[in-house]
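We use all heavy atoms of the structure for the numbers below, so side chains are in, but hydrogens, waters and symmetry mates are not. Below, chain A is the first sequence line, B the second, and so on; all start at residue 1.
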Amino acid sequence: MTGIRVRFAPSPTGELHVGGVRTALFNWFFTRNHGGKMILRIDDTDRQRSSPEYLESILTSLKWLELDWDEGPEVGGKYGPYFQSERLNIYNDEAQKLIDSKKAYYCFCTPEELQAEREINLRKGQPPRYSGKCRQLSPQEIKDKKAHKNFVIRLLSPETGQTVVEDIIRGTVVFENNIFDDFIIIKSDGLPTYNFASVVDDFYMKISHVIRAEEHLSNTPRQQIIAEQLGYKLPSYAHVPMILAPDHSKLSKRHGATSVQEYKEMGVLPEALINYLALLGWSPGDDRELMSINEMTDLFSLDKVSKNPAIYDLKKLIWLNGNYLRTMKLDVIVQKALPFFKNSDELSDVVHSYREDDFKKILEKVIDLVRDRVKTLRELVEASGYFFRDDFTYDEKGVKKHFSKKNAGEILAKVYRTLKDVEPYQPEQIKNALGELSQTLNLSMGRINLPTRLAVTGRTMGPDLFEVITFLGREKTLERIKKAKELFTSS
RNA sequence: GGCCCCUUCGUCUAAUCGGUGAGGACACCAGCCUUUCAAGCUGGCAGCAGGGGUUCAAAUCCCCUAGGGGUCACCA
């Protein structure tokens, strides 16, 4: 036990996206590296936008990535509850303390009034800040207004001095206190604002290190002011750089896939996604790129996290994925690929015509043949159709190129006869037999193999032809050659 | 607009206290391998945002400018 406690605090207002994962990941690396605890807290204080579906999806995503947590939803823990919506009494008590000690006050201004105020300030070229006009309300006025008006609670923030954030990644960051207005800590619906709830929870949950995205750096002095007013000891802060879209803007849905679920559906492996995201804003200090999660955990340290925002580049993720796809153990890939075959429009009925164990055995062979020419699990399915179905279409260009030559029919006929007789029906023998045929006919191997491949698979490219022919078996291979010959050649 | 952060190949990044031909990876291009496509291997293209200082010496330290991002919400 090192006393290190970190938290990942998503709000269930959307899917878990890559930026969130990267933050979760760095927290996880850090705490696992130091033998500390990982706390998952759900920041659901936005009543409008929070939903149970998103919560479910976020938990599912984290589990898929195998980023586990020691305290939080589903596992509990002694600093709970871990949903902010269940901690309202705590926030209210803390807010009351501030009211009692005159460090916070009730404000009865309506959103419309505030909006108007902001616009006036903006027009004058001044920062949009609250005037503080409810500060001076007398106890009697407060009592009267509370009876029939909505109110919020605002923190009385200091007008002079500085607030200094000591950030592990960025160093000392100084803010002048006069830029802060009296910000809201309790909303009119009685729920706390993010800054307030976050500070209270981090304190009571004994969080030692707050590791989060840089967008929160500007909020940190506000949180420190709250903590100071409440007499809390501050956690250490580390603000990790943001992840930006290729056009340098904040990542959003219009930039294509950004959520973990989408990557999962695309056939990206969790190992690859984690490896890729780890490399965005962090490097082990040497030239290593491909690392297991254990290796990264060992190597991780906050002072190797870079300061500058990273632009998200799908190509490298896909490359990494291809790499994992072809180097991970075959049976693991088969297991992970199986759902993609089951759910595919093209092959689902084929899959279900087998007993699962039998299908897995067949699939193992197929995947072994095709996996080093695809990059995702989904592409694995796309590249495998002709192994399972006879009703494939033929590549148009290939047909033009390989079947239109005068002797194409003749070649197919000779291949047919060769394969009919070859014994045993195995890759090496088939290769030799077709090699002899090319000698006899005085044709290059390509002139034999390319039309044969097209006849047997409908494609001009693919895995080792002799392996494919062996996999299909003599009967199917001969049928397909015959069919192609009849369809495309006249001789 | 105020405040804050950031700036090394197109992209992700490395370069212990200032001394490097500025290294690696993806992508791209070429070659090799080969029955095709991949994979693999080899090689290539490409960068210190700009300007001033400090110093014998600056990607590295300081200042300015420019650019990007964040934040200033009864969102988190």
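Of the listed nucleotides (B:C74, B:A39, B:C72), B:C74 has the atom at the smallest distance from the side chain of A:Leu114. Relative to the side chain of A:Glu289, the nucleotides B:G69, B:C3, B:A25 differ in distance, and B:A25 lies closest. Closest approach to the A:Leu450 side chain among B:A76, B:C75, B:U36 is made by B:U36 (side chain taken as heavy atoms from C-beta onward). Ranking B:U71, B:C6, B:U36 by closeness to the A:Arg373 side chain, first place goes to B:U36. Closest approach to the A:Arg453 side chain among B:G24, B:A73, B:U36 is made by B:U36 (side chain taken as heavy atoms from C-beta onward). Listed nucleotides: B:A76, B:C74, B:U11. Nearest to the side chain of A:Ser188: B:C74. Proximity note for A:Lys316 (side chain, C-beta onward) versus B:A27, B:A25, B:A76: the nearest is B:A25. Of the candidates B:A76, B:U13, B:G68, the closest approach to any side-chain atom of A:Thr193 belongs to B:A76.
Taking 4.0 angstrom as the limit, A:Ser306 places a side-chain polar atom (N or O) nearer than this to OP1 or OP2 of B:U13. At B:U34, none of the side-chain N or O atoms of A:Lys431 fall inside 4.0 Å of OP1 or OP2 (strictly under the cut-off). Within the structure, a side-chain polar atom (N or O) of A:Arg326 is placed less than 4.0 Å from OP1 or OP2 of B:G40. At B:C5, none of the side-chain N or O atoms of A:Ser218 fall inside 4.0 Å of OP1 or OP2 (strictly under the cut-off). Residue A:Ser283 has a polar side-chain atom (N or O) positioned under 4.0 Å from OP1 or OP2 of B:A14. A close approach under 4.0 Å does occur between a side-chain nitrogen or oxygen of A:Lys375 and OP1 or OP2 of B:A39. Put simply, A:Lys187 has a side-chain N or O that comes within less than 4.0 Å of OP1 or OP2 on B:A76.
Within 4.0 Å of A:Ser438, counting heavy atoms only, lies no atom of the nucleic acid at all. Residue-level contact check: A:Lys401 touches neither bases nor backbone, having no heavy atom under 4.0 Å from any strand. A:Cys109 comes within 4.0 angstrom of a base, heavy atoms only. Heavy atoms of A:Val174 sit under 4.0 angstrom from primed sugar atoms or phosphate atoms, though from no base atom. Within the nucleic acid shown, A:His239 has no heavy atom closer than 4.0 Å to any nucleic acid atom. Residue A:Gly322 is classed as having no contact, given no heavy-atom separation below 4.0 Å to the nucleic acid. Residue A:Ser444 is classed as having no contact, given no heavy-atom separation below 4.0 Å to the nucleic acid. Nucleic acid contact class of A:Pro246 (heavy atoms, under 4.0 Å, all strands): none. In this structure, A:Arg447 reaches neither bases nor backbone, as no heavy-atom distance under 4.0 Å exists between it and the strands shown. A:Arg170 comes within 4.0 angstrom of sugar-phosphate atoms only, judged by non-hydrogen atoms across all strands, and of no base. If you check every strand for non-hydrogen atoms under 4.0 Å, A:Asn150 touches nothing. Residue contacts shown for A:Met445 are limited to sugar-phosphate atoms, with no base heavy atom under 4.0 Å away. A:Pro309 comes within contact range of the sugar-phosphate backbone alone, with a heavy-atom separation under 4.0 Å but no base atom that close. Counting any heavy atom pair closer than 4.0 Å across all strands shown, A:Val152 reaches a base atom.
Side chains of A:Glu94 and A:Tyr204: a donor-acceptor N/O pair is present below 3.5 angstrom, by distance only. For the residue pair A:Thr160 / A:Asn177, no side-chain donor-acceptor distance below 3.5 Å is found, with atom types taken as modelled.
One P atom belongs to B:U8, the other to B:A59, and the distance between them is 15 Å to the nearest Å. As rounded to the nearest Å, B:G47 and B:G53 have P atoms that lie 25 Å from one another. Comparing B:C9 with B:A49, their C1' atoms are spaced 14 Å from each other, to the whole Å. The separation of B:C48 from B:G23, taken at their C1' atoms, amounts to 13 Å, rounded to a whole angstrom. Straight-line distance between the C1' atoms of B:C62 and B:G18: roughly 13 Å, to the nearest whole Å. B:A39 and B:A30: their P atoms are spaced 14 Å apart (whole Å). B:C64 sits 25 Å from B:U71 when the P atoms are compared, rounded to a whole Å. Rounded to whole Å, the separation between the C1' atoms of B:U34 and B:C41 comes to 13 Å.
Residue-to-nucleotide contacts include no donor-acceptor pair under 3.5 Å from the side chain of A:Glu215 to the base of B:G69.
Judged by Watson-Crick or G-U wobble contacts below 3.5 Å, the nucleotide B:U55 has no partner. Pairing partner, B:A14: none, since no Watson-Crick or wobble contact has both distances short of 3.5 Å. The pairing partner recorded for B:A66 is B:U7, the criterion being a Watson-Crick or G-U wobble arrangement whose two distances lie under 3.5 angstrom. The partner of B:U71, taking Watson-Crick or G-U wobble pairs whose two distances both stay under 3.5 Å, is B:G2. The partner of B:C33 is absent, by the rule that a Watson-Crick or G-U pair needs both atom distances under 3.5 Å.
Relative orientation of the A:Phe30 and A:His209 rings is tilted, given thresholds of 30° and 60° on the angle between their planes.
Separating the CG atom of A:Asp286 from the C1' atom of B:A25 is a distance of 12 Å, rounded to the nearest angstrom. Between A:Asn308 atom CG and B:G70 atom C1' the separation is 14 Å, expressed in whole Å. Rounded to whole angstrom, the span from the CG atom of A:Leu217 across to the P atom of B:C3 amounts to 15 Å. A:Arg288 places its CZ atom 15 Å from the C1' atom of B:U13, with the value rounded to the nearest Å. Going from atom CG of A:Leu465 over to atom P of B:U34 covers 17 Å, rounded to whole Å. Taking atom CD1 on A:Ile225 and atom C1' on B:C72, their separation rounds to 13 Å, with Å as the unit. Here B:C5 presents its C1' atom at 4 Å from CD of A:Glu214, a figure rounded to the nearest Å. Atom CD1 of A:Ile179 and atom P of B:G70 are 17 Å apart (whole Å).
The residue among A:Val173 and A:Gly281 whose nearest nucleotide of RNA chain B is located toward the 5' end is A:Val173. Where A:Ser249 and A:Thr460 meet RNA chain B, the nucleotide closest to each residue was compared, and A:Thr460 sits on the side nearer the 5' end.
With salt bridges taken as basic N to acidic carboxylate O contacts below 4.0 Å, one links A:Lys414 and A:Glu410. Under a 4.0 Å N-O distance rule, the pair A:Asp395/A:Lys397 does not qualify as a salt bridge. Taking a cutoff of 4.0 Å between a charged side-chain nitrogen and a carboxylate oxygen, A:Lys307 and A:Glu214 do not qualify as a salt bridge. No salt bridge links A:Asp201 with A:Arg7; every basic N to acidic carboxylate O contact stays at or beyond 4.0 Å.
Residues A:Ile153 and A:Tyr105 fail the side-chain proximity criterion, which asks for heavy atoms closer than 4.5 Å.
The ring-ring contact (aromatic ring centres under 6.0 Å, His included) test with A:Phe26 is passed by exactly one of A:Phe8, A:Phe300, A:Trp282: A:Phe300.
At least one test fails for A:Lys365 against the ring of A:Phe471: distance under 6.0 Å to the centre or angle within 45° of the axis.
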